[in-house]
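What follows is a short report on a single structure.
Order of listing sets the numbers, starting from 1, for every ligand and every atom in it. One-based numbering along the sequence shown.
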Amino acid sequence: MRILVIEDEAKVASFIRRALEEESYAVDACADGGKGLELASAGCYDLVILDLMLPGLPGIEVLKTLRKDQVSVPVLILTAHSQVNQKVKGLDAGADDYLTKPFAIEELLARVRVLLRRGSGEAAGVLQIEDLVLNPASREVTRGGRRIELTAKEYALLEYLMRNTGRVLTRPMIAEHVWNQDFDTFTNVIDVYVNYLRNKIDRGQDRKLIHTIRGSGYALKAE
Ligand code: CA
C-alpha cells in the first residue's frame with residue numbers, strides 16, 4: 001500500500017517514514033503543501049498523512065482542494081496540541097481522522113491500518129478470500145489454517161492484492177503501490193515476486209487464487 005506523508009518537520013517526517021517502511025508500506029514524503037497537493041492529486045496513493053502547518057500551501061487548503069476535486073483518498077491529519085480548532089476544521093474539511101502531536105508511533109500505525117481497512121471495505125480487521133487470511137495488525141498470513149512465512153516484499157504484494165480482490169492490477173500499478181517505483185525503470189521483478197508468492201500461497205492447492213490476466217497483469221480472486 002502506498003502512503004504519502006506531507007510534513008515539513010524533517011525529523012517527524014523521517015520518523016514516520018521509517019516506521020511505515022518497516023511495515024512494508026511504500027512511502028513518499030514531501031515538505032511543501034503545494035507539492036503535496038500535486039502528488040496527492042495524481043491519485044496513486046492509498047492514504048495521505050497531512051500536517052496542517054506547512055510552507056507553500058497550508059494543510060487545510062491541501063485537504064479542501066483534494067475534496068473539491070473529488071479525490072477521495074483517506075486523509076489522516078496531524079495537528080499540534082494547541083490547535084483544537086484546526087482539528088475540527090480539518091475534520092469538517094474532509095479529513096478521515098486526526099492525530100495530535102506528539103504521538104506514539106504505534107498509535108499512528110494503528111490508525112493507518114484502520115483507514116486502509118475502511119478504504120478496502122474490510123470488516124473484521126482481517127482480509128480473507130476463501131481460506132487465505134491476512135491479519136494486517138499481526139502481519140500473519142494463513143491458508144487453510146496453516147501459517148505461511150512471507151518476506152517483507154511478498155507480504156506487501158499480497159496485502160495489495162488482497163485489498164483489491166477481484167480487480168486486475170497492472171504491473172505499473174503493482175510497481176507503484178508495492179515498490180514505489182516507476183514501472184519504466186522496473187522490469188521483471190514483479191513477475192519474479194508473484195511467482196514466489198504463488199509458490200507459497202497456491203502450490204499444492206486445488207483452488208488457485210493468484211491469476212495471471214494475459215496482457216494486463218494479475219488478479220487475486222476465487223475462480
Ligand atoms: Ca509543520
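- Using the six-membered ring where Trp is involved, Tyr193 and Trp179 have ring planes that are perpendicular, over 60° apart on the 30 and 60° scheme.
- Here the NZ atom belonging to Lys221 is positioned 11.5 Å from the OG1 atom belonging to Thr165, to the nearest 0.5 angstrom.
- Among residues two or more places apart in sequence or in another chain, the side chain to side chain donor-acceptor pair (under 3.5 Å) test is passed with Glu21 by Arg17.
- Distances shorter than 3.0 Å separate the Ca ion (ligand 1) from the protein N/O/S atoms Asp8 OD1, Asp51 OD2, Met53 O.
- In this structure, Arg171 and Tyr218 approach most closely via the heavy-atom pair NH2-OH, 3.5 Å.
- Remark: side-chain polar atoms of Arg67 are paired, donor with acceptor, to backbone N or O of Val71 under 3.5 angstrom.
- For Arg2 and Tyr25, the positive end is not near the middle of the six-membered ring at less than 6.0 Å and at most 45° from its axis.
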